[in-house]
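Chain naming here is simple, since letters A, B, ... match the order of the sequence lines and numbering starts at 1 in each. What you see is a predicted model; the values in this text were computed from it and never measured.
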Amino acid sequence: MLHIFIEQRLKQVIAELLPDANLETVLVRPCPDAKFGDYQSNALMALAKERKLNPRQLATQVIGKLDVKPWCDSVEIAGAGFLNFRISAVALARTIAEAAAGKHLFIQPAEKPRVAVVDFSSPNVAKPMHVGHIRSTILGDSLARALRLLGHRVITDNHIGDWGTQFGKLLLGWKQDLDRAALEKDPIGEMERMYKKINAACDADAALYETAKQELAKLQAGDPENLAIWRQMIALSQVQFDTIYQRLGVHFDQTLGESFYNGQLKDVVRQFVEAGLARPDEGAIRIFFDDVPELKEHPAVIQKADGAATYTTTDLATLAYRLETWQPDEIIYVTDGRQQLHFKEIFTSFKRWKPAAKVKLAHVWFGSILGDDGKPFKTRSGDTVKLADLLDEAEERAFKTVSDKNPGLSEAERKEIARIVGIGAVKYADLLPNRQSDYVFSWDKMLAFNGNTAPYLLYAYTRTRGIFRKVTAAEIASMAQLPDDFVLRAPEEIALAKHLLNFGLVVQAVADDCRPNYLCNYLYDLAGHFARFYENCPVLKEVEGTERTVRLALCDLAGRVLQQGLRVLGIETTEHM
RNA sequence: GCGCCCGUAGCUCAGAUGGAUAGAGCAGCGGAUUUCUAAUCCGUUGGUCGCAGGUUCAAGUCCUGCCGGGCGCGCCA
């Protein structure tokens, strides 16, 4: 967190020397290699270039005015004009002592808290949640957690698929083919079976398809029977969603599905037409994007020839509602990358519709989960993998391992550890890859104890906790009273302490770029630093007095940052493994 | 055909405004354990960053072309 202060000073000096400089480009970041220092800025090279100045001369001028005494002993100019900063022993000790006293956990809350709506998960009514929902759910939840930790106000909204043409078929299937007993036993399974059957039947029989369309029209017209069935389908589905979300520890502030916006769709269409932003075309009403190369060939339909709206209309209505209701600074949509074109249409249309709106719209998209054959992840029989089954298997596999490694624990304890490790492993495997790349699903990799996995991080956490089971309460209390003039001597202590300082910086980067994988990599490095510290610096043996307390504090802080970081990823921790 | 994304070690992947000698895990090889729980740690082998140009003090990262792969292009959501 000290880089923030250095950065502020650096900005002040640059503002004095180069009043027209864009200070947003002046950043202080960790050095890629500790041999250069702890933090660096390469902003001067770019600034010098713009002004045709000699970068090293500019750097010399900047250093002449730069006072970073409270945090660094010196500043060096290196290479083509890098500024390298090395944190002083005193500043490092003071920051660690403050954290040990509970004053902060290496995070500074945002100066200007924002309001962000995060739209994620969005499962469909009457269908099982499957592996395709997992990335959106886990990514969205993690982003919401990161933003909240930084002090922003977040509204999570589950825009469930509870409206649309599929309900014509579902209603018809419900009326013609529903097995009540099966529905009682496994509502989602029965609705899925029924839908598949009626869908195939409609494909084969045009007259049947017409009947389905009539059922849809009746629903849309408010037919009481169809409405009642529709509501029942939603209620049954919501039970399933809630079960999954509870297992995943995911919470939504709002569940405003597509149907919530039905009453506003006509008005949206009217507004677009009246503003000249949409026009009739082959019986439908469309928005054209002749001035946007990517969308030129893709006019968006906001009203079909049969008078019904489309999901584009719903998404626009949703946007307007969110804007009006929460005045967000930012709306984040977490969906599959295949919807990029759709969101370009939505964002472009919205800008034309509400040109004064300042809200930042972000489509945070992600790639597919693949099987080890490189094709979309499926069961052996070729079906989509149901989320509930996936989570069951994760827990079962983790249970086998815990039972194997730690047979002395009670079954209840092993089950609980398996739950945390299993669910954590699935989540971590999903958050670790760059979200935009496809990744290959592998049980063995995600549950491995070596490498960048949830079990490895969770184990590191249990090691930090293990120490505290052997320590008196008085000693624990003494961590809060560390003198702030102690000096860390062991290289492993210093490396660990310095790494802890960067926690906030990384959470900030996660929130800015919507990339939780930065945090995964940070935590993996942290666990590595802790492991080396743990191997080389005895905490409870050989050392006494302040040195012992300092090591205890480093253990505690490493554990707390691991726990907090995992919490941002939506992963629980356990004291034993 | 048009558009978006990807191509980094044998395999799976990182690589934060372009920034210093491209990293990790697995696999392979070699070490460390009467432990603060070894579900650990240390060392080591391994790369023309798909190919060819270009911009720049500096390119895995930006631009152009080509090769190879994935996805999208519905009055479905």
Donor-acceptor pairs under 3.5 angstrom involving side-chain atoms of residues 444-455 of chain A: please list them, not counting sequence neighbours.
| unit_1 | atom_1 | unit_2 | atom_2 | d |
| --- | --- | --- | --- | --- |
| A:N452 | OD1 | A:Y428 | OH | 2.5 |
| A:N452 | ND2 | A:N521 | OD1 | 3.2 |
| A:T453 | OG1 | A:A448 | O | 2.7 |
| A:T453 | OG1 | A:Y456 | N | 3.2 |

Could you give the distance separating [M] and [N] at their [atom1] atoms, to the nearest angstrom?
| N | M | atom1 | value |
| --- | --- | --- | --- |
| B:C51 | B:G68 | C1' | 11 Å |
| B:C62 | B:G19 | P | 10 Å |
| B:G70 | B:U45 | C1' | 33 Å |
| B:U12 | B:A20 | P | 27 Å |
| B:U37 | B:A32 | P | 22 Å |
| B:G46 | B:C11 | C1' | 12 Å |
| B:U48 | B:C41 | P | 30 Å |
| B:G50 | B:C42 | P | 30 Å |

Among [options], which nucleotide sits nearest the side chain of [X]?
| X | options | value |
| --- | --- | --- |
| A:M577 | B:A14, B:U12, B:A39 | B:A39 |
| A:V440 | B:U12, B:A39, B:A14 | B:U12 |
| A:P433 | B:C41, B:A14, B:A20 | B:A14 |
| A:A531 | B:C41, B:A14, B:G25 | B:C41 |
| A:N42 | B:G19, B:A20, B:U37 | B:G19 |

Checklist entry - Out of curiosity, A:H159 NE2 to A:S122 OG, how far, rounded to the nearest 0.5 Å? => result 7.0 Å
Checklist entry - Taking atom CD of A:E413 and atom NE2 of A:H576, what is their separation to the nearest 0.5 Å? => result 6.5 Å
Need one value for [X]: base, sugar-phosphate or nothing, where a base atom within 4.0 Å counts as base even if backbone is also close, heavy atoms only.
| X | result |
| --- | --- |
| A:N521 | sugar-phosphate |
| A:A460 | nothing |
| A:N434 | sugar-phosphate |
| A:Y439 | sugar-phosphate |
| A:T462 | base |
| A:R469 | base |
| A:Q40 | base |

Please name all residues satisfying ring pair (Phe, Tyr, Trp, His ring centres under 6.0 Å) with [X], sequence neighbours left out, ordered by chain then number.
| X | result |
| --- | --- |
| A:Y534 | A:F530 |
| A:H298 | none |
| A:Y195 | none |

Can you name the salt bridge (charged side-chain N to carboxylate O under 4.0 Å, His left out) partners of [X], sequence neighbours left out?
| X | answer |
| --- | --- |
| A:R532 | none |
| A:R463 | A:E535 |
| A:R56 | none |

If every non-hydrogen atom of [X] is compared with every non-hydrogen atom of [Y], which pair is closest and at what distance?
| X | Y | result |
| --- | --- | --- |
| A:R515 | A:Q436 | NH2-OE1, 3.1 Å |
| A:S41 | A:L27 | OG-O, 3.1 Å |
| A:A495 | A:H529 | CB-ND1, 3.7 Å |

Can I get a per-line list of side-chain donor-acceptor pairs under 3.5 Å for residues 75-85 of chain A, giving both atom names and the distance, sequence neighbours left out?
| unit_1 | atom_1 | unit_2 | atom_2 | d |
| --- | --- | --- | --- | --- |
| A:N84 | ND2 | A:F36 | O | 3.4 |

Reckon [X] has a side-chain N or O less than 4.0 Å from the OP1 or OP2 of [N]?
| X | N | result |
| --- | --- | --- |
| A:Y456 | B:C41 | yes |
| A:N517 | B:G15 | yes |
| A:R532 | B:C42 | yes |
| A:N450 | B:C26 | yes |

Item to check | RNA chain B: stems of at least 3 consecutive Watson-Crick or G-U pairs whose donor-acceptor distances fall under 3.5 Å | outcome: B:1-7 with B:67-73, B:10-13 with B:23-26, B:28-32 with B:40-44, B:50-54 with B:62-66
How long is the line joining [atom1] of [X] and [atom2] of [N], in whole Å?
| X | N | atom1 | atom2 | value |
| --- | --- | --- | --- | --- |
| A:R435 | B:A14 | CZ | P | 12 Å |
| A:E575 | B:A39 | CD | C1' | 16 Å |
| A:N84 | B:A20 | CG | P | 11 Å |
| A:N452 | B:U12 | CG | P | 17 Å |
| A:E345 | B:C4 | CD | C1' | 14 Å |
| A:D525 | B:G25 | CG | P | 10 Å |
| A:L370 | B:C5 | CG | C1' | 13 Å |
| A:L409 | B:A39 | CG | P | 13 Å |

Give a yes or no on whether a salt bridge exists between [X] and [Y], defined as a side-chain N under 4.0 angstrom from a carboxylate O.
| X | Y | value |
| --- | --- | --- |
| A:D404 | A:K400 | no |
| A:R86 | A:D38 | no |
| A:R419 | A:E572 | yes |
| A:D20 | A:R51 | yes |

At a cut-off of 3.5 Å, list every protein nitrogen or oxygen paired with a nitrogen or oxygen from nucleotides 54-60 of chain B, distance to 0.1 Å.
| unit_1 | atom_1 | unit_2 | atom_2 | d |
| --- | --- | --- | --- | --- |
| B:U56 | O3' | A:K49 | NZ | 2.9 |
| B:U56 | O2' | A:K49 | NZ | 3.3 |

Checklist outcome for this item: Protein-proximity profile, nucleotides 70-77 of chain B, B/S/- by nucleotide at the 4.0 Å heavy-atom cutoff, equals -SSS-BSB
Using atom names, set out every protein N or O paired with an N or O of nucleotides 7-9 of chain B below 3.5 Å, distance rounded to 0.1 Å.
none

Checklist outcome for this item: Heavy-atom nearest nucleotide on RNA chain B taken for A:Y459 and for A:A509; more 5' hit belongs to A:A509
Next on the checklist: Closest-nucleotide mapping onto RNA chain B: is A:V402 or A:Y534 further toward the 5' terminus? I mean the 5' end.
Outcome noted: A:Y534
Next on the checklist: Quick check, does A:F82 stack with B:G19? I mean ring centres under 5.5 Å and planes off by under 30°.
Outcome noted: no
